[in-house]
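The structure appears below as structure tokens.
Everything numeric in this text was worked out from a predicted model, so none of it was measured.
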Amino acid sequence: MAACGQDDGAKASAPKAPAAIPELAKDPLTLSFIWFDWPPAHALEAFANAEYTKERSNVTVKVKTVPNANWHDAMFTQFAAHKTDFDIPILDSQHIGEAVTNGNILDITDFVKANIDLKAYNPYLLAAYGQFPQAETGKRDENASMYGLPLLGDTWTMIYRKDLIGDKPPQTWDEMISVAEKCQADHPGVSGLAFHQANGSDAAAVTYNTVNGVYGGNLWDSKTRKIDGVLNDTAGQEAMDVLVNKMKPLTAKGSGNWFIDEVNAAVAQGKACIAFNWIAASGGLLDPKQSTLGTTREQILDKLGFATLPSQKTNLVPLGGMGMHVSAYSPKANQAEALNFMKWFERADIQKKWAAAGGVPSRTDALESPEFLNAGPFNKVYADSVPRMRDMWNVPEYARLVDIENTNVNAALNGAKKPKDALDDIAKQQQGVLDSGSRKGGGGL
């Protein structure tokens with residue numbers, strides 16, 4: 001399903017960055033990012049202050065963090081005021097459309113062409129983290145404008161207890177459910193599954209979208225902007241039934257608002273047979289100080305396995321990760337520094353160092369490097385998952401769409417709505433949001 005054409009208003013509203021990096025400041029300068037509070041944010045600050053300052057000794061990098069649930073609003077409230085205390089907003093792929101159409105971030109197309117080796121990347125990752133409107137999944141429209149560059153790649157990994165279910169991970173979604181059910185029955189006090197269910201950020205929505213994808217469903221028709229009748233078709237209904245009636249009974253009591261930290265805690269405390277979480281958030285599972293599964297990393301890895309997601313009717317996996325962008329309201333000196341940082345960060349040698357420091361790079365040479373593949377047991381999962389990725393709707397109305405889906409999926413998981421009613425409500429309400437808007441552009445599926 002191809003994307004709609006570019007919205008002329010969006011194209012005109014985003015100010016352009018120069019192709020060449022302007023003269024950089026010589027006085028002390030703080031380059032500020034904004035992200036949500038999780039391990040990669042702290043790793044980025046430490047990495048940048050250790051490595052970037054070797055070339056720019058007058059620069060201090062600060063990564064400001066907010067709770068995940070407040071991440072979008074923390075950025076866009078400042079954007080609305082046309083004044084930001086950050087220079088580099090780290091946006092989810094779906095945030096780009098809103099930021100572009102409101103003129104909040106710089107159009108860096110000319111800068112990218114002059115300074116970045118585009119052939120070094122999987123084209124979809126470039127599109128996902130920087131392009132608007134976005135192309136069909138797996139492709140990049142070389143004529144579309146660029147507004148960001150990859151910072152952190154991500155997708156879900158399946159985490160499984162090798163000591164409870166065996167070394168070989170389930171290969172299909174149905175098999176995974178069956179294995180989790182048996183494991184739960186065989187090990188009282190251990191839940192079969194742990195996954196995101198919360199009504200916040202994109203937690204419950206990503207969970208449903210993942211199941212929707214593997215059972216052959218679609219979130220929308222991006223060309224016609226049709227959701228009602230697409231999301232809630234037979235495949236979509238099967239996916240919701242699987243999630244609510246087959247997967248939810250295998251989760252722990254009281255897990256109806258679990259997100260990243262709660263799933264990790266269940267795994268670390270030995271309370272889940274199989275779990276799903278973002279790869280970039282999984283590093284702490286190997287820390288003996290946070291785990292009851294062993295007193296060393298090796299002991300923990302004797303019990304934990306990490307695998308790509310099982311397939312079913314398709315092998316789709318969720319696209320995660322984020323890109324770096326430049327605030328349109330940042331001082332000129334800081335904008336210049338931001339562009340210089342982005343050029344530096346995307347270098348092959350720096351991407352490999354970032355991988356070794358715990359980051360998930362997007363350059364193909366870094367993804368295939370020993371520095372990345374040997375840095376964590378889940379890193380090969382990411383490299384193998386890149387060709388399977390599917391994103392959500394990349395439109396300016398994203399925040400409203402995801403809120404509708406989170407609320408209704410969470411309600412279904414917690415018994416407040418019947419699965420079919422929840423799915424039909426999502427489809428109708430999301431369709432209403434798209435039909436009430438005049439902006440075009442989209443893609444991502």
Side-chain angles (χ1 to χ4, degrees), residues 33 35-54 61 63 90 120-122 125 128-129 149-160 162 167 169 260-261 263-264 267-268 275-291 293-309 317-324 341 344-389:
F33 290 67
W35 207 353
F36 65 88
D37 191 4
W38 69 323
H42 306 294
L44 174 64
E45 182 174 285
F47 176 74
N49 283 310
E51 297 293 336
Y52 185 61
T53 51
K54 291 178 182 178
V61 175
V63 180
I90 299 173
Y121 299 81
N122 179 298
L125 296 181
Y129 302 134
L149 286 169
L151 171 67
L152 183 86
D154 209 358
T155 190
W156 273 15
T157 180
M158 179 172 64
I159 308 158
Y160 62 101
K162 293 188 292 188
D167 288 336
I260 294 171
D261 292 344
V263 169
N264 276 345
V267 173
F276 297 98
N277 219 336
W278 294 108
I279 287 173
S282 298
L285 295 176
L286 307 181
D287 182 358
K289 295 178 182 178
Q290 302 179 43
S291 180
L293 298 179
T295 58
T296 65
R297 177 186 171 102
E298 291 70 26
Q299 288 179 358
I300 294 171
L301 285 173
D302 282 341
K303 295 182 178 179
L304 288 186
F306 299 86
T308 54
L309 299 197
V317 301
L319 170 87
M322 303 90 188
M324 298 178 287
F341 180 92
W344 168 85
F345 187 81
E346 300 297 341
R347 281 173 17 194
D349 60 325
I350 300 303
Q351 284 282 289
K352 290 178 181 179
K353 287 183 178 180
W354 172 231
V360 183
S362 291
R363 281 184 64 114
T364 302
D365 49 8
L367 284 175
E368 296 174 350
S369 70
E371 290 91 338
F372 177 65
L373 295 176
N374 296 333
F378 27 69
N379 286 357
K380 190 176 186 304
V381 172
Y382 177 76
D384 291 344
S385 296
V386 169
R388 300 171 54 180
M389 291 179 176

What are the two closest heavy atoms between A41 and W35, and how far apart are they? CA-CE3, 3.5 Å
Side-chain donor-acceptor distances from residues 366-374 under 3.5 Å, at least two apart:
| residue | atom | partner | partner atom | Å |
| --- | --- | --- | --- | --- |
| S369 | OG | A366 | O | 2.6 |
| S369 | OG | E371 | OE1 | 3.4 |
| S369 | OG | F372 | N | 3.3 |
| N374 | ND2 | P370 | O | 3.3 |

Donor-acceptor check, side chain of S385 to backbone of R388, threshold 3.5 angstrom: yes or no? no
Taking side chain as C-beta onward, heavy atoms only, is I260 less than 4.5 Å from W278? yes
Which atom of P318 lies closest to which atom of W156, heavy atoms considered: CG-CG, 3.8 Å
Just do the side-chain contact (heavy atoms from CB on, under 4.5 Å) check on L304 and I159 with the steps written out, would you? CA-CA 7 Å; L304 288 186; I159 308 158; 4.1 Å; yes
Do the side chain of K54 and the main chain of N49 share a donor and acceptor less than 3.5 angstrom apart? no
side-chain contact (heavy atoms from CB on, under 4.5 Å) between N277 and V267, intermediate numbers included: CA-CA 10 Å; N277 219 336; V267 173; over 6 Å; no
Hey, do the aromatic rings of W38 and F36 have their centres closer than 6.0 Å? yes
Expected output: side-chain Y382 to main-chain A280 donor-acceptor under 3.5 Å: no
For L151, does its backbone N or O pair with a side-chain atom of W354 as donor and acceptor, under 3.5 Å? yes
Using modelled atom types and a 3.5 Å cut-off, is there a donor and acceptor pairing between side-chain atoms of Q351 and backbone atoms of E346? no
Are F276 and V263 packed together at the side-chain level, in the sense that at least one heavy-atom pair is separated by less than 4.5 angstrom? no
Looking at every non-hydrogen atom in both residues, tell me the closest pair between N264 and A281 and how far apart they are. ND2-O, 2.8 Å
Which heavy atom in R297 sits nearest to a heavy atom in G376, and how many Å separate them? NH2-CA, 4.1 Å
Does any non-hydrogen side-chain atom of M158 lie less than 4.5 Å from one of P169? yes
Any idea how F47 and W344 line up, ring-wise: parallel (<30°), tilted (30 to 60°), or perpendicular (>60°)? tilted
Side chains of T155 and F378: does their closest heavy-atom pair fall under 4.5 Å? no
is_close_aromatic(F341, F33), centroid dist under 6.0 Å: yes
Looking at D384 and K380, is there a salt bridge between them, counting it only when a charged N and a carboxylate O are closer than 4.0 Å? yes
Can you find a pair of side-chain heavy atoms, one from S362 and one from N122, that are under 4.5 Å apart? no
Of all the heavy-atom pairs spanning I300 and L285, show the shortest one and how long it is. CG2-O, 3.5 Å
Would you confirm whether S291, through its side chain, and D287, through its main-chain N or O, come within 3.5 Å as a donor-acceptor pair? no
Using a 4.5 Å cut-off on heavy atoms from C-beta on, say whether the side chain of K303 contacts that of K162. no
Would you say L319 and L125 make side-chain contact, with heavy atoms under 4.5 Å? yes
Which atom of M324 lies closest to which atom of P150, heavy atoms considered: CE-O, 3.7 Å
